Amino acid sequence: MTTNPKYARLFEKVQLNDGITLQNRIAIAPMTHSSSNPDLSVSDAELSYYERRTGKLGLAITAVAHVTPGGIGFKNQFAAFGAENLDGLSKLAASLKKGGAKAVLQIFHAGIQGPRAIVPNEDVVGASAIELQDGSQARELSAGEIDSIVSDFGRATELAIEAGFDGVEIHGANGYLIQQFFSGWSNRREDKWGGSVEKRLAFPLAVVDEVQRAAAAKTKEPFIVGYRFSPEEPHEEGITMDHTVTLLDALAGKNLSYLHVSLMEYASKPRRGGDLNRTRLEQIVEAAKGTPVVGVGSVHTPDQAIEALELGAAIVALGRELIVEPDWVEKVEAGQEADIAVTLTKDDQQRLVVPDQLWGMIIGMPGWFPVVETEAAAE
Ligand SMILES: Cc1cc2nc3c(=O)[nH]c(=O)nc-3n(C[C@H](O)[C@H](O)[C@H](O)COP(=O)(O)O)c2cc1C
């Protein structure tokens with residue numbers, strides 16, 4: 001069977017700003033699986049999980065890796081900070097690239113979202129001394145520590161290159177350290193790293209500069225540097241769409257390979273700031289001024305993927321759906337879209353090649369994944 005012509009756009013090649021071409025417009029969204037080895041190295045289970053679902057993608061973005069021990073955000077999260085991590089990172093890059101996808105390592109520091117029980121010395125740090133959900137306080141980073149974390153992003157980039165990745169994605173989304181510096185809710189500093197919305201750009205931009213500097217110093221080949229961001233925060237003093245436009249204006253000067261908006265619904269509209277009647281994605285594409293945008297959020301069917309492209313995304317990322325349906329790309333390409341699964345059952349772990357810890361989260365958090373009782377119900 002052949003591809004249904006209405007989905008042909010998904011299989012067009014797409015060129016990123018660095019000149020690198022993706023073989024199609026479909027990406028796997030970065031998804032933490034908490035399934036790396038206890039020593040923070042890449043595990044065999046995670047390699048099998050990726051191999052099962054990344055074969056025909058254009059862009060394969062990894063689960064997020066932390067760039068320094070204090071930046072850990074999840075138990076059994078793999079690390080990108082030392083030569084000891086190279087072996088696993090190299091295996092991961094090779095497995096993601098097998099079918100022709102470009103392999104991108106997502107990198108972050110969790111900041112105040114680091115669980116105290118697993119952060120070294122229970123030293124949870126952030127832009128400011130924010131009160132945490134458990135009533136304890138994060139510690140405000142010193143200026144010297146901030147410089148050091150910026151360098152850690154550069155070191156992680158060098159490691160990614162040594163490991164054979166085609167690029168890195170700077171994780172400036174989902175409330176982690178980079179976003180914490182940009183947000184007026186979590187950044188209350190009065191030094192050069194805080195203040196007005198423009199001043200709160202200092203840390204995100206310093207990380208971008210360092211990652212690009214490290215990449216240029218390490219390789220003469222084109223190298224992908226993407227940036228992921230969350231366009232809004234719920235808190236009153238938090239990020240609005242207007243702030244995000246300011247961020248995108250600043251990033252426009254950086255010639256990033258792509259921008260990746262983190263959304264739970266690809267066609268959602270802003271809650272504060274911007275035009276409340278148009279989708280966030282359309283407004284972000286406009287503000288990106290020609291830089292390719294990755295759209296994401298509850299894309300399950302190829303019709304939804306096409307709709308995300310019609311809203312202006314150059315690439316559409318699938319997260320949960322690629323766990324539920326590892327052969328999504330193959331089925332759409334073969335004209336078998338009617339066979340795409342959009343639910344899973346509790347008996348599907350082996351069939352779907354999902355590591356234990358991730359499977360525990362999928363089954364243990366009702367409403368997060370479309371878990372149904374029986375195969376019959378899944379049809
Ligand atoms: C299991 C799981 C782990 C995730 N981990 C990450 C992550 O490491 N980095 C990140 O930027 N987003 C992460 N996300 C968010 C996804 O990248 C994506 O934005 C979100 O799930 C919405 O897309 P979807 O509806 O296609 O799943 C995670 C999502 C899931 C379901």
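The structure displayed is predicted, hence computed values, not measured ones.
Taking each heavy atom of Ser35 and Pro355 in turn, the nearest pair found is OG-CB, 3.2 Å. A pairwise comparison of heavy atoms in Ala63 and Tyr50 identifies N-OH, 2.9 Å as the closest pair. When all heavy atoms of Arg228 and Pro30 are compared, the closest pair comes out as NH1-CG, 3.6 Å. The two residues Thr157 and Ala214 come nearest to each other via the heavy atoms CB-CB, 4.2 Å. Scanning both residues, Val324 and Phe369, for their nearest heavy atoms gives CG2-CD2, 4.4 Å. Here the closest non-hydrogen pair linking Val296 and Ala29 is CG2-CB, 4.1 Å.
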Would you sort out whether Tyr227 and Val208 count as a side chain to side chain contact (heavy atoms under 4.5 Å, CB included), showing the intermediate values?
CA-CA 8 Å; Tyr227 188 99; Val208 170; 3.7 Å; yes
Report the C-alpha separation of Arg116 and Ser136 in whole Å, then their side-chain angles, then the decisive distance to 0.1 Å, and conclude whether the side chain to side chain donor-acceptor pair (under 3.5 Å) test is met.
CA-CA 10 Å; Arg116 202 174 285 279; Ser136 71; 2.9 Å; yes
Glu286 vs Arg278, test: salt bridge (charged side-chain N to carboxylate O under 4.0 Å, His left out). Steps then yes/no.
CA-CA 12 Å; Glu286 271 167 28; Arg278 290 170 65 226; 2.5 Å; yes
One pair to check against side chain to side chain donor-acceptor pair (under 3.5 Å): Asn174 and Ser230. What are the steps and the verdict?
CA-CA 6 Å; Asn174 300 358; Ser230 293; 3.3 Å; yes
Let's go through Glu232 and Arg272 carefully: what are the C-alpha distance in whole Å and the side-chain angles of both, what is the deciding distance for salt bridge (charged side-chain N to carboxylate O under 4.0 Å, His left out) to 0.1 Å, and is it a yes or a no?
CA-CA 8 Å; Glu232 289 181 62; Arg272 282 181 304 137; 5.2 Å; no
Just do the side chain to side chain donor-acceptor pair (under 3.5 Å) check on Ser148 and Glu145 with the steps written out, would you?
CA-CA 5 Å; Ser148 164; Glu145 287 174 315; over 6 Å; no
Stepwise side chain to side chain donor-acceptor pair (under 3.5 Å) test for Thr301 and Glu337
CA-CA 8 Å; Thr301 66; Glu337 57 272 7; over 6 Å; no
Please lay out, stage by stage, how Asp209 and Lys254 fare under the test salt bridge (charged side-chain N to carboxylate O under 4.0 Å, His left out).
CA-CA 8 Å; Asp209 287 345; Lys254 298 292 175 188; 2.8 Å; yes
Decide yes or no on side chain to side chain contact (heavy atoms under 4.5 Å, CB included) for Phe182 and Val197, but give the supporting numbers first.
CA-CA 7 Å; Phe182 184 52; Val197 58; 3.8 Å; yes
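Arg52 contributes no side-chain N or O that, together with a main-chain N or O of Val353, makes up a donor-acceptor pair within less than 3.5 Å. In this structure a side-chain-to-backbone donor-acceptor pair under 3.5 Å is present from Asp39 to Ser41. In terms of modelled atom types and a separation under 3.5 Å, the side chain of Glu321 and the main chain of Leu318 share no donor-acceptor contact. The backbone N or O of Pro5 sits nowhere less than 3.5 Å from a side-chain atom of Thr3 that would complete a donor-acceptor pair. Of the possible donor and acceptor atoms, one in the side chain of Arg320 sits under 3.5 Å from a partner among the backbone N and O of Trp368. Using a distance-only test at 3.5 Å, with no hydrogens or angles considered, a donor-acceptor pair links the side chain of Asp166 to the main chain of Ala103. Panel note: side chain Thr240, backbone Asp242; a donor-acceptor pair is recorded below 3.5 Å. A donor-acceptor pair under 3.5 Å is absent between the side-chain atoms of Gln179 and the main chain of Tyr176, judged by distance alone. A donor-acceptor pair under 3.5 Å links the side-chain atoms of Trp328 to the main chain of His300, judged by distance alone.
Taken to the nearest 0.5 Å, the CD1 atom of Ile61 stands 5.0 Å off from the NE2 atom of His260. If you take NE2 on His66 and CG on Asn85, they are separated by 8.0 Å, rounding to the nearest 0.5 Å. Rounding to the nearest 0.5 Å places CD of Glu233 at 9.0 Å from OG1 of Thr244. Taken to the nearest 0.5 Å, the CD atom of Glu210 stands 10.0 Å off from the CG atom of Asp147.
Between Lys6 and Asp303 a salt bridge is recorded (basic side-chain N to carboxylate O distance below 4.0 Å). Under a 4.0 Å N-O distance rule, the pair Arg53/Asp327 does not qualify as a salt bridge. A salt bridge is defined here as a Lys NZ or Arg NE, NH1 or NH2 lying under 4.0 Å from an Asp or Glu carboxylate O, and Glu162 with Lys218 meets this definition. Taking a cutoff of 4.0 Å between a charged side-chain nitrogen and a carboxylate oxygen, Arg155 and Asp152 do not qualify as a salt bridge. Glu12 and Arg25 are joined by a salt bridge, as a carboxylate oxygen and a charged side-chain nitrogen come within less than 4.0 angstrom of each other. At a threshold of 4.0 Å, the pair Glu122-Arg139 does not count as salt-bridged, since none of the basic side-chain nitrogens sits closer than that to a carboxylate oxygen.
By the 6.0 Å contact criterion, CG on Asp134 is enclosed, its count of non-hydrogen atoms from other residues, nucleotides or ligands being greater than 12. The 12-atom threshold is not exceeded at CG of Asp44, counting heavy atoms of other residues, nucleotides or ligands nearer than 6.0 Å. Around atom NZ of Lys289, more than 12 heavy atoms belonging to other residues, nucleotides or ligands sit under 6.0 Å away. Within 6.0 Å of NZ in Lys56 there are 12 or fewer heavy atoms belonging to other residues, nucleotides or ligands.
Put simply, the side chain of Gln15 does not reach to within 4.5 Å of the side chain of Leu22, judged on heavy atoms. In this structure, Asp348 and Trp359 have side chains that are in contact, with non-hydrogen atoms separated by less than 4.5 Å. Side-chain atoms of Val67 and Phe81, non-hydrogen and from C-beta on, never get closer than 4.5 Å to each other.
Using modelled atom types, one finds no donor on one side chain facing an acceptor on the other under 3.5 Å when comparing Ser48 with Glu51. In this model, a donor atom of one side chain and an acceptor atom of the other lie less than 3.5 Å apart for Gln349 and Asp356. Under the 3.5 Å distance criterion, with hydrogens and angles disregarded, a donor-acceptor pair is assigned to the side chains of Ser36 and Glu46. A donor atom on one side chain and an acceptor atom on the other are not found under 3.5 Å apart for Gln180 and Asn187. There is a side-chain donor-acceptor pair under 3.5 Å between Ser257 and Asp18.
Cluster annotation: Phe181 and Ile112 are assigned to distinct hydrophobic clusters (Ile/Leu/Val/Met/Phe/Trp/Tyr, side-chain heavy-atom contacts under 4.5 Å, transitive). In this structure, Val168 is a member of the same hydrophobic cluster as Ile28, with clusters built from ILVMFWY side-chain heavy atoms closer than 4.5 Å. Tyr266 and Ile315 end up in different hydrophobic clusters when Ile, Leu, Val, Met, Phe, Trp and Tyr side chains are linked at under 4.5 Å. By the rule that hydrophobic residues join a cluster once side-chain heavy atoms approach within less than 4.5 Å of another member, Phe165 and Ile224 end up as members of separate clusters. Cluster membership check: Ile340 shares its hydrophobic cluster with Ile26, using side-chain heavy-atom separations under 4.5 Å among Ile, Leu, Val, Met, Phe, Trp and Tyr.
By the 30° and 60° cut-offs, the orientation of the rings of Phe78 relative to His33 is parallel. Using cut-offs of 30° and 60° on the angle between ring planes, the pair Phe108 and His171 is parallel.
Checking Val125, Ile146, Leu141 one by one against Leu177, the side chain to side chain contact (heavy atoms under 4.5 Å, CB included) holds for a single residue, Leu141.
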